[in-house]
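In listed order, ligands and their atoms are each counted from 1.
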Amino acid sequence: MMDTKEEVRLLRGRLDGSQKNRMRKLFDMMYRPSELAKEIGFNKRLVYEVYVPNGCPHERDDRRHIWINGKKFRAWIESTYKKLKLKSDQGYCRTCDKAVKLVDAELKTTKNGDTDYLLGDCPYCGRTIPRIVANRRGQV
Ligand SMILES: [Zn+2]
């Protein structure tokens, strides 16, 4: 099961509307992380720090460089972040497998200062749930 830190890390990779539109133009071909970042408009560090560690389909060549298929990337992003459409006072509880209203939510910021998030509890099972509020990373 993911811990809170891992969930926050995953949520940082969520794309906005215009990035999702640009993602639809990806081809069924292999992209370098820098090419993918340029096509969609995010910082390529997201690929190394968020997408690949969270299971984004990729291949490595004999020099250990990462290559990602555009179509597979899109499918992975859509299925991974599909569940995360939430109202402003909600978070996604992975134990209850649904969106819940956060109880006793507190605003926090990651140590490096690039992400603000709410940390609250699930009203059903008590699990601590993070919810991203502002993300200053992944912008070009
Ligand atoms: Zn729950």
Novice: According to a hydrophobic-cluster definition based on side-chain heavy atoms being under 4.5 Å apart (Ile, Leu, Val, Met, Phe, Trp, Tyr only), do Met23 and Leu10 belong together?
Specialist: yes
Novice: Are Glu49 and Arg12 packed together at the side-chain level, in the sense that at least one heavy-atom pair is separated by less than 4.5 angstrom?
Specialist: yes
Novice: Spell out the protein N/O/S atoms under 2.8 Å from the Zn ion (ligand 1) as residue plus atom name.
Specialist: Cys93 SG, Cys96 SG, Cys122 SG, Cys125 SG
Novice: Are Phe73 and Tyr51 an aromatic pair by the rule of ring centers under 6.0 Å?
Specialist: yes
Novice: Does Lys20 count as lying over the ring of Tyr81, i.e. NZ or CZ under 6.0 Å from the six-ring centre, within 45 degrees of the axis?
Specialist: no
Novice: Working note: Arg32 + Trp67, criterion side chain to side chain contact (heavy atoms under 4.5 Å, CB included); need CA distance, chi angles, decisive distance, verdict.
Specialist: CA-CA 5 Å; Arg32 287 173 171 277; Trp67 292 86; 3.7 Å; yes
Novice: Any donor-acceptor pair under 3.5 Å linking the side-chain atoms of Asp97 with those of Tyr92?
Specialist: yes
